[in-house]
Chemist: 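Would you mind keeping the following structure in view while I ask a few things?
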Amino acid sequence: MNRRRYWVLKTEPTNYSIDDLERDRKTPWSGVRSYMARNAMRDMMQMGDTVLIYHSSCDVPGIYGFGQVVSAPYGDPTQFDPESPYYDARADADKPIWQLVDIAFRSKLDEPITLLDLRARPGLKTLRILARGNRVSVTRVSEAEFRIIHAMAVKRGHKG
DNA sequence: GCCAACGTTGGC
DNA sequence: GCCAACGTTGGC
C-alpha cells in the first residue's frame with residue numbers, strides 16, 4: 001500500500017469552482033497545459049490522494065475545500081477537441097500530450113482558509129503555492145503541511 | 001490595471 | 001543545450 005500524497009489544485013472559480021465540483025461530484029481535471037503540472041498528475045499522483053481546492057484570481061484567494069484523486073492518469077479529451085479552448089493541434093489520439101486525473105468532491109469549507117491565513121503560519125513557509133511567483137497549478141503538499149492545513153480546517157468547524 | 005516573476009519557446 | 005525574449009499568471 002502506497003503512502004497517501006497531498007496536493008494543491010489551483011483553479012479560477014469563474015472557470016471551475018468548489019461549488020461546481022460539489023454539483024458534479026466528480027470531474028476530469030481538464031485544461032492543465034503546463035508540463036510541470038502534467039508531470040505531477042501523470043507521474044506522481046495516486047488514486048486516493050487528497051487534493052486541496054485552491055481558488056486563485058478572485059476576491060479572496062485560498063483553499064475552499066477537499067477532493068480526492070479517483071482515477072489513474074489518462075489523456076485529457078479537450079486536447080483533441082477543436083472547439084475547446086484547450087485544443088492542442090499537436091496531439092493525436094494515440095499520442096496524447098496532456099494527461100489528467102478524475103477528481104471527486106469530498107467536502108467544502110464553510111469558511112475558506114485564505115491566502116493570508118496560510119501565509120500567517122510559520123509551519124507553512126515551505127508550502128509551494130506560497131512561493132514567490134509560483135505558477136504551477138498542481139503542486140505537492142507535504143504530510144506535515146497537510147496536517148497543519150487540516151487542523152486549520154477543523155478549527156473552522158470542518159468535520160472529517 | 002500594474003507588474004514581478006515565472007515557465008515555455010525558439011533561435012542559435 | 002543554452003538562454004534571451006515572450007506571454008501568462010495572480011496578488012495587489
Side-chain angles (χ1 to χ4, degrees), chain A residues 5-24 27-46 49-67 69 73-103 105 107-142 144-146 148-153 155-156 158:
Chain A
R5 291 175 178 165
Y6 306 93
W7 307 90
V8 169
L9 297 184
K10 266 196 308 204
T11 181
E12 298 188 19
T14 51
N15 185 241
Y16 196 84
S17 71
I18 188 73
D19 295 310
D20 295 323
L21 183 59
E22 180 170 24
R23 179 200 60 215
D24 297 342
T27 195
W29 202 252
S30 60
V32 172
R33 293 294 179 270
S34 138
Y35 291 104
M36 300 179 101
R38 177 204 67 182
N39 293 350
M41 285 199 290
R42 187 188 62 188
D43 304 334
M44 305 277 288
M45 272 188 177
Q46 302 169 164
D49 282 0
T50 293
V51 300
L52 309 173
I53 304 297
Y54 179 93
H55 287 182
S56 66
S57 294
C58 57
D59 286 351
V60 184
I63 293 167
Y64 280 73
F66 295 83
V69 177
Y74 62 96
D76 180 343
T78 63
Q79 73 195 301
F80 307 122
D81 175 9
E83 302 300 308
S84 168
Y86 304 118
Y87 178 64
D88 190 331
R90 302 169 303 164
D92 64 81
D94 33 277
K95 278 202 88 185
I97 297 172
W98 305 107
Q99 305 265 116
L100 53 65
V101 295
D102 289 340
I103 298 297
F105 175 79
S107 58
K108 183 187 169 181
L109 294 169
D110 294 330
E111 292 297 327
I113 302 171
T114 69
L115 179 57
L116 292 177
D117 295 335
L118 295 169
R119 284 202 196 287
R121 284 299 180 122
L124 296 178
K125 289 278 182 265
T126 54
L127 193 65
R128 195 59 206 291
I129 196 124
L130 302 183
R132 267 177 90 72
N134 172 65
R135 293 171 52 177
V136 184
S137 67
V138 179
T139 52
R140 187 87 181 264
V141 176
S142 74
E145 290 163 345
F146 178 77
I148 294 171
I149 295 169
H150 185 258
M152 294 169 85
K155 217 166 194 174
R156 284 162 176 72
H158 187 262

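Heavy atoms only: backbone and side chains are in, while hydrogens, waters and symmetry mates are out. Throughout, a chain's letter reflects where its sequence line sits, starting with A, and its residues are numbered from 1.
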Chemist: Could you work out which one of B:dG7, C:dG11, C:dG10 sits closest to the side chain of A:E12?
Modeler: C:dG10
Chemist: So if I take every side-chain heavy atom of A:L115 and compare against B:dG7, B:dT9, C:dG11, which nucleotide ends up nearest?
Modeler: C:dG11
Chemist: Using whole Å, report how far CD1 of A:I97 lies from P of B:dT9.
Modeler: 10 Å
Chemist: How many Å lie between CD1 on A:I129 and P on C:dG10, as a whole number?
Modeler: 8 Å
Chemist: Please check the phosphate of C:dT9 (OP1 and OP2 only) for any side-chain N or O of A:Y54 closer than 4.0 Å.
Modeler: no
Chemist: Rounded to whole angstrom units, what separation is found between the CG atom of A:L116 and the C1' atom of C:dC12?
Modeler: 11 Å
Chemist: Between A:D20 and A:R23, does at least one N-O distance fall below 4.0 Å, as a salt bridge requires?
Modeler: yes
Chemist: Can you tell me which nucleotide in B:dT9, C:dT9, B:dG7 comes closest to the side chain of A:K10?
Modeler: C:dT9
Chemist: What is the distance, to the nearest angstrom, from the CG atom on A:L9 to the P atom on C:dT9?
Modeler: 16 Å
Chemist: In whole angstroms, how far is the P atom of C:dT8 from the OH atom of A:Y86?
Modeler: 14 Å
Chemist: Answer yes or no: is there an ion pair linking A:D19 with A:K108, defined by an N-O contact shorter than 4.0 Å?
Modeler: yes
Chemist: What integer distance in Å separates A:Y35:OH from C:dG7:P?
Modeler: 18 Å
Chemist: Output every pair passing salt bridge (charged side-chain N to carboxylate O under 4.0 Å, His left out) with a member in residues 119-130 of chain A, not counting sequence neighbours, ordered by first then second residue.
Modeler: none
Chemist: Could you check whether A:S56 gets within reach of a base, just the sugar-phosphate, or nothing at all, counting any heavy atom under 4.0 Å?
Modeler: sugar-phosphate
Chemist: Quick one: A:D88 CG to B:dT8 P, roughly how many Å, whole number?
Modeler: 13 Å
Chemist: A:L100 versus A:P77: any side-chain heavy-atom pair under 4.5 Å?
Modeler: yes
Chemist: Let's see if you can work this out: which of C:dG10, C:dC12, B:dG7 has an atom nearest to the side-chain heavy atoms of A:R119?
Modeler: C:dC12
Chemist: Rounded to the Å, how far apart are A:R90 CZ and B:dG10 P?
Modeler: 9 Å
Chemist: Report the C-alpha distance between A:W98 and A:Y35 in whole Å, list the side-chain angles of each, state the deciding distance to 0.1 Å, and finish with yes or no for ring pair (Phe, Tyr, Trp, His ring centres under 6.0 Å).
Modeler: CA-CA 8 Å; A:W98 305 107; A:Y35 291 104; 4.8 Å; yes
